[in-house]
Amino acid sequence: MLDINWVCKNVDQVEQALKERNEQNVDLETFVKLNQDRKNLQFRSDEIKHERKEISTSFQKAKKAGEDVAPLQEKTKALKNEEKEIDARLTEIKQQQREFVMRLPNLPHEDAPKGGEESNKVTRTEGEKPAPFDFDAKDHMALCEDLGFVDVNNRGVKIAGSGFALYQGIGAKLVRSLINFMLDLHTDEHGYKEIAPPLLVTRKTMTGTGQLPKFEDDLYHCSKDDLFLIPTAEVPVTNLLSDEILSPKQLPVAYTAYTPCFRREAGSYGADTRGLMRLHQFDKVELVRFCLPEESEAEHQKLLGHAEKVLNLLGLHYRVLELASGDMGFAAARCYDLEVWAPVSERWFEVSSVSNFRDFQARRANIRYRKEAKKVEFVHTLNGSGLALPRIILCILEQYQTDDGRVRVPDALRPYLRADFLSKDV
RNA sequence: GGAGAGGUGGCAGAGUGGUCGAAUGCGAUGGCUUGCUAAGCCAUUGAUGGAGUCAAAUCCAUCCGAGGGUUCAAAUCCCUCCUUCUCCGCCA
């Protein structure tokens, strides 16, 4: 979230940013007024408390001296009534402010492209574009079916409904191999500490990273215990350090975690829901970093590099997109998407989103560091997928298929799969 | 799920109605000193909100798991919830 006092002092800037993010009907004027009310009430409340304290101190003396204490008690009673009333209003205002500010998106980075999705900027295209097939190549749907290792439309749906994939045989092993490959890369080569977090988290945790209160509809919720299934490992892993004050020496902190991700995808029916393209549950290896504010730009690039490395090693053709202010996620200040080329479907698939949140999440989750002896400040948080599996599988299938109906295993995965080809019924 | 015992500052741990934001120890930071390799001495060492200021200084308030209550006065008494530990039950 944004700092309340800062918002009140920089209304124009916030308004401008909200416009860039297509946020309509945000009543900042009332918000600013509310803040002044809060301060005034706080002042009066403190005053009353102070007065009561003094009465309480003089009470003893009065009693010892044998004076009548009834007037003091009367006075306190009156003060308490006023205090109660003021504090109730104060609590209400604070609640309103919180409710308001929690729904404000992050400010876009000043260098982020302006505009909506159409303004996303392709910053680089990497890897070799696969040569055209000299045989009748199949798309990922057909390959899944022919190879029989991703059972998308039959039994997965039978047991859990639409939007759930079921991997079997070497398909399941491919999933496991990709996870291990990515985790090994990030822990051994990139210096991340591996985390295996809870997959269900509390309301507070979901609020810390920005999923709540605004996006409750997108989450699976266990009402009996008021717990939510995580939509990404970002949620538990970022909140790992919530309410903590770190020493600058500890920074940067780098965590990686494999988890399944659960998303209701409410309202996103349509063309992209077939096959492995969009699922209610999918596997992802996530990268999360915490750092000093002045280092977050550099950290962002580093993080991007770590995610890209996975694609390099898998030999996939991909591009780096810098997202425009109107297309970024709620909490992000700056964001790169990695999109992989699927040569038969002839389109790009997003497999990673690498974001710098600056202090937006840190302020929500209250993650700070001691800047100087008497000064604490919020850290910056970043995260990126490294990577999401289903679309990677999809692209691997399309790109690495052979004319005999098999799929060649990318070199980097061979030690994990212990096979050179994926083929039916292996 | 049942019974019992706890939750105090970075950690350990005192404190059972006012003088307690809280002893003491450890740790950390700064300084001094010494040299027999690590110790000694001194000092500093929580956060949040508000007032104030160009900014500080400074002042006030709040916080002893969370939220309510009793009282002139609550870390301390009462209630609810959360959580940790031990035992029992159940279970991968």
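Within every chain, numbering begins at 1; the chains are lettered A, B, ... in the order of the sequence lines, protein sequences first and strands thereafter.
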Compute whether any side-chain donor of one residue and acceptor of the other, for [X] and [Y], lie under 3.5 angstrom apart.
X	Y	answer
A/S177	A/K173	no
A/E85	A/N81	no
A/D12	A/Q16	no

**OP:** Mind checking side-chain hydrogen bond (donor to acceptor under 3.5 Å, both in side chains) for A/R103 and listing every partner two or more places apart, or none if nothing turns up?
**Re:** A/E99
Subject >> CG on A/L178 to CG on A/L387, rounded to 0.5 Å >> reply: 9.0 Å
Original post:
In dot-bracket, 5' to 3', how would RNA chain B read with Watson-Crick or G-U wobble pairs under 3.5 Å, [ ] for crossing ones and | for pairs to another strand?
Top reply: ((((((((.[[[..)..(.....]]]((((((.......))))))((((((......)))))).[[[[[..)....]]]]])))))))....
Original post:
Who pairs with A/K214 by salt bridge (Lys or Arg N to Asp or Glu O under 4.0 Å), at least two apart in sequence or on another chain?
Top reply: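 Per chain and number, A/K214 pairs via salt bridge (Lys or Arg N to Asp or Glu O under 4.0 Å) with A/E23.
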Taking the [atom1] atom in each of [N] and [M], what is the distance between them to the nearest angstrom?
N	M	atom1	result
B/rU34	B/rG50	P	50 Å
B/rG15	B/rU76	C1'	8 Å
B/rU19	B/rC77	P	16 Å
B/rG13	B/rG69	P	33 Å
B/rG40	B/rG21	P	33 Å
B/rC79	B/rU62	C1'	23 Å
B/rU48	B/rG10	P	12 Å
B/rA92	B/rG7	C1'	30 Å

**OP:** Encode nucleotides 76-85 of chain B as B, S and - characters from 5' to 3', where the letter depends on protein heavy atoms closer than 4.0 Å: B to the base, S only to sugar-phosphate, - to neither.
**Re:** ----------
Subject >> nucleotides 57-74 of chain B: protein proximity per nucleotide (B base, S sugar-phosphate only, - neither; heavy atom, under 4.0 Å) >> reply: ---SSS------S-BBS-
Original post:
For A/E244, what residues pass the side-chain contact (heavy atoms from CB on, under 4.5 Å) criterion, not counting sequence neighbours?
Top reply: A/L241, A/L246
**OP:** Scan for side chain to side chain donor-acceptor pair (under 3.5 Å) pairs involving residues 292-303 of chain A, sequence neighbours excluded, and state none if there are none.
**Re:**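 Only A/H109-A/E297, A/R289-A/E299, A/S296-A/N356, A/S296-A/H380, A/E297-A/R334, A/Q301-A/Y336 qualify under side chain to side chain donor-acceptor pair (under 3.5 Å).
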If I take atom [atom1] in residue [X] and atom [atom2] in nucleotide [N], what distance separates them, rounded to the nearest angstrom?
X	N	atom1	atom2	value
A/R368	B/rG46	CZ	P	14 Å
A/K371	B/rU29	NZ	C1'	19 Å
A/L241	B/rG10	CG	C1'	15 Å
A/Y369	B/rG46	OH	P	19 Å
A/K61	B/rU19	NZ	P	13 Å
A/K249	B/rG27	NZ	C1'	12 Å
A/R370	B/rA47	CZ	C1'	9 Å
A/Q36	B/rG49	CD	P	16 Å

Original post:
If you find the nucleotide of RNA chain B closest to A/I245 and the one closest to A/R38, which residue's nucleotide is nearer the 5' end?
Top reply: A/I245
Subject >> Whether A/Y416 and A/F181 hold their rings parallel, tilted or perpendicular, with breakpoints at 30° and 60° >> reply: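 Geometry flag for A/F181 against A/Y416: perpendicular rings.
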Original post:
Would you call the rings of A/Y192 and A/H190 parallel, tilted or perpendicular, where under 30° means parallel and over 60° means perpendicular?
Top reply: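 Taking A/H190 first and then A/Y192, their aromatic rings stand perpendicular (interplane angle over 60°).
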**OP:** Flag the pair A/F290 / A/Y369 as yes when their ring centroid distance falls below 6.0 Å, and as no otherwise.
**Re:**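 No; A/Y369 has its ring centre 6.0 Å or more from that of A/F290.
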**OP:** If a pair satisfies ring pair (Phe, Tyr, Trp, His ring centres under 6.0 Å) and one of its residues is in residues 76-96 of chain A, list it, with sequence neighbours excluded.
**Re:**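 Applying ring pair (Phe, Tyr, Trp, His ring centres under 6.0 Å) to every pair that reaches into residues 76-96 of chain A, excluding sequence neighbours, yields nothing.
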**OP:** Would you mind listing every ring pair (Phe, Tyr, Trp, His ring centres under 6.0 Å) that reaches into residues 12-51 of chain A, with sequence neighbours excluded?
**Re:** A/F31-A/F100
Subject >> RNA chain B-proximal residues of residues 88-95 of chain A, any heavy atom under 4.0 Å >> reply: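 The stretch gives none, as no residue of it lies under 4.0 Å from the strand.
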Between side-chain atoms of residues 72-79 of chain A and protein atoms elsewhere (two or more places apart, or another chain), which donor-acceptor pairs fall under 3.5 Å?
unit_1 : atom_1 : unit_2 : atom_2 : d
A/T76  : OG1    : A/L72  : O      : 3.0

Original post:
Can you check whether A/N5 has a side-chain N or O nearer than 4.0 Å to OP1 or OP2 of B/rG50?
Top reply: yes
With a cut-off of 3.5 Å and sequence neighbours excluded, list every side-chain donor-acceptor pair involving residues 247-262 of chain A.
unit_1 : atom_1 : unit_2 : atom_2 : d
A/S247 : OG     : A/K249 : N      : 3.1
A/Q250 : OE1    : A/S247 : N      : 2.7
A/T256 : OG1    : A/E286 : O      : 3.0
A/Y258 : OH     : A/D283 : OD1    : 2.6

